[in-house]
Amino acid sequence: MELDNILKIIDAVSESSLTNFSLEDGSVKLSLGVERTNVVVDSNAAIQLAPSVSSNAAQLDSDAQAGTADKAAFSGNVVKSPLVGIFYSSSAPDAKPYVSVGDTVKKGQVLGIIEAMKLMNEIESEYDGVVKEILIDNEQMAEYGQPLFVIE
């Protein structure tokens, strides 16, 4: 199953009223679940979230707002993580990092690696410019869409 198709399914389930979804396609098994938030209105008309229930939908809204804030917080072009995995700044533990702050990079140049499911995925620069910020540490978990580098 293609990554784009999986992402479309996740978006569709997130936007629907479904609370659970499972799909098996060959050797791929996808299972999604969403917890909905209960809203309690007291006599003073103040809205409180029930403390025992977490909300994935609220987290998605928070992440979307953070994505908007990311664009405003960074001046320059932001290279984001295309997948979830462990970020590595170099090809080996004793090797020099691919890039450092202040380095000039070209479009297509490798900035780092994300390991996902035992596969090493090179993260390439989408822009020509100078590395202004590195927003992730070596061996840190990277989330999908997380800002990794600022290229100016």
Side-chain angles (χ1 to χ4, degrees), residues 1-37 47 49 51 53-152:
M1 179 175 283
E2 297 286 325
L3 179 61
D4 290 338
N5 291 338
I6 293 172
L7 294 174
K8 287 178 186 176
I9 291 170
I10 290 170
D11 287 340
V13 171
S14 296
E15 293 173 5
S16 74
S17 60
L18 292 174
T19 57
N20 291 303
F21 176 81
S22 295
L23 172 71
E24 287 190 43
D25 183 24
S27 64
V28 176
K29 182 176 180 180
L30 179 65
S31 181
L32 304 171
V34 177
E35 293 181 22
R36 302 292 179 199
T37 302
I47 297 177
L49 295 179
V53 179
S54 64
S55 171
N56 291 346
Q59 181 63 39
L60 291 174
D61 289 343
S62 173
D63 291 347
Q65 290 173 355
T68 305
D70 287 341
K71 291 180 184 175
F74 304 117
S75 64
N77 298 308
V78 178
V79 177
K80 295 183 179 182
S81 176
L83 67 163
V84 175
I86 304 295
F87 174 80
Y88 295 102
S89 60
S90 61
S91 59
D94 59 344
K96 180 181 164 196
Y98 287 106
V99 295
S100 299
V101 173
D103 288 354
T104 300
V105 295
K106 299 285 184 193
K107 184 175 182 176
Q109 180 177 339
V110 176
L111 302 173
I113 296 173
I114 293 185
E115 177 187 5
M117 296 178 13
K118 303 291 181 192
L119 294 175
M120 300 298 182
N121 301 280
E122 292 182 337
I123 306 304
E124 297 179 351
S125 178
E126 302 166 16
Y127 314 99
D128 291 335
V130 176
V131 178
K132 182 177 177 190
E133 291 183 69
I134 300 176
L135 306 170
I136 189 166
D137 294 326
N138 189 43
E139 298 183 8
Q140 181 181 348
M141 180 64 128
E143 297 294 331
Y144 174 79
Q146 175 181 344
L148 303 175
F149 299 89
V150 178
I151 311 290
E152 199 169 62

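With contacts defined as side-chain heavy-atom distances shorter than 4.5 Å, the pair Pro82/Asn121 does not qualify. Under the 4.5 Å side-chain criterion, counting only non-hydrogen atoms from C-beta, Leu148 is not in contact with Leu135. Looking only at side-chain heavy atoms (C-beta outward), Asp128 and Gln109 stay at 4.5 Å or farther from each other. Using a 4.5 Å cut-off on side-chain heavy atoms (C-beta onward), Phe149 and Val105 make no contact.
Here the CD1-CE distance, from Ile114 to Met141, works out to 10.0 Å after rounding to the nearest 0.5 Å. The structure places CD1 of Ile136 at 6.0 Å from CZ of Phe87, a figure rounded to the nearest 0.5 Å.
Closest approach of Gly145 to Lys80, counting heavy atoms only: O-CD, 3.3 Å. A pairwise comparison of heavy atoms in Gln146 and Gln140 identifies NE2-NE2, 4.2 Å as the closest pair. Heavy-atom minimum distance, Ile113 versus Ser90: CD1-O, 4.2 Å. Shown here for Ser81 and Ala142, the closest heavy-atom pair between the two residues is OG-CB, 3.9 Å.
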Please report the C-alpha distance between Asn138 and Tyr88 in whole Å, then the side-chain angles of each, then the deciding distance to 0.1 Å, and finally whether the side chain to side chain contact (heavy atoms under 4.5 Å, CB included) criterion is met. CA-CA 5 Å; Asn138 189 43; Tyr88 295 102; 4.0 Å; yes

Does the side chain to side chain contact (heavy atoms under 4.5 Å, CB included) test come out yes or no for Tyr98 and Leu111, once each step is laid out? CA-CA 5 Å; Tyr98 287 106; Leu111 302 173; 5.6 Å; no

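A donor-acceptor pair under 3.5 Å is absent between the side-chain atoms of Asp103 and the main chain of Val131, judged by distance alone.
Partner of Ile134 under the side chain to side chain contact (heavy atoms under 4.5 Å, CB included) criterion, chosen from Val101, Val150, Val79: Val101.
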